[in-house]
Peer 1: 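Got a structure for you, questions after.
Residue numbers start at 1 and run along the sequence shown. Here the structure is a predicted model, which is why all the values come from computation and not from measurement.
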Amino acid sequence: MNITAKLRARRVEARNRKAIARAIDTAPSQAMRHELMAIAQNQVNTLR
């Protein structure tokens with residue numbers, strides 16, 4: 001993977017993290033917030 005592709009992938013990851021954080025912050029209920037956190041945790045674990 002070249003440097004440009006690495007930078008692009010890093011930007012995409014940062015954008016996704018921000019979107020997940022925004023969704024968790026604006027979740028309408030505590031249950032939805034917990035569900036979003038569980039999904040985010042599952043995605044992080046499957047990427048490693």
Peer 1: Above 12 or not: heavy atoms from other molecules or residues under 6.0 Å from CG of Leu7?
Peer 2: yes
Peer 1: According to side-chain contact (heavy atoms from CB on, under 4.5 Å), who are the partners of Thr26, at least two apart in sequence or on a separate chain?
Peer 2: none
Peer 1: Once side-chain contact (heavy atoms from CB on, under 4.5 Å) is applied, do any residues pair with Ile20, and if so which ones, sequence neighbours excluded?
Peer 2: Ile24, Ala40, Gln43
Peer 1: Can you name the closest pair of heavy atoms from Leu36 and Ala27 and give their distance?
Peer 2: CD1-CB, 4.2 Å
Peer 1: A quick test of your reading: do over 12 heavy atoms of other residues, nucleotides or ligands sit less than 6.0 Å from CE of Met32?
Peer 2: no
Peer 1: Enumerate the residue pairs fulfilling side-chain hydrogen bond (donor to acceptor under 3.5 Å, both in side chains) with a member in residues 3-21, sequence neighbours excluded, ordered by first and then second residue.
Peer 2: none
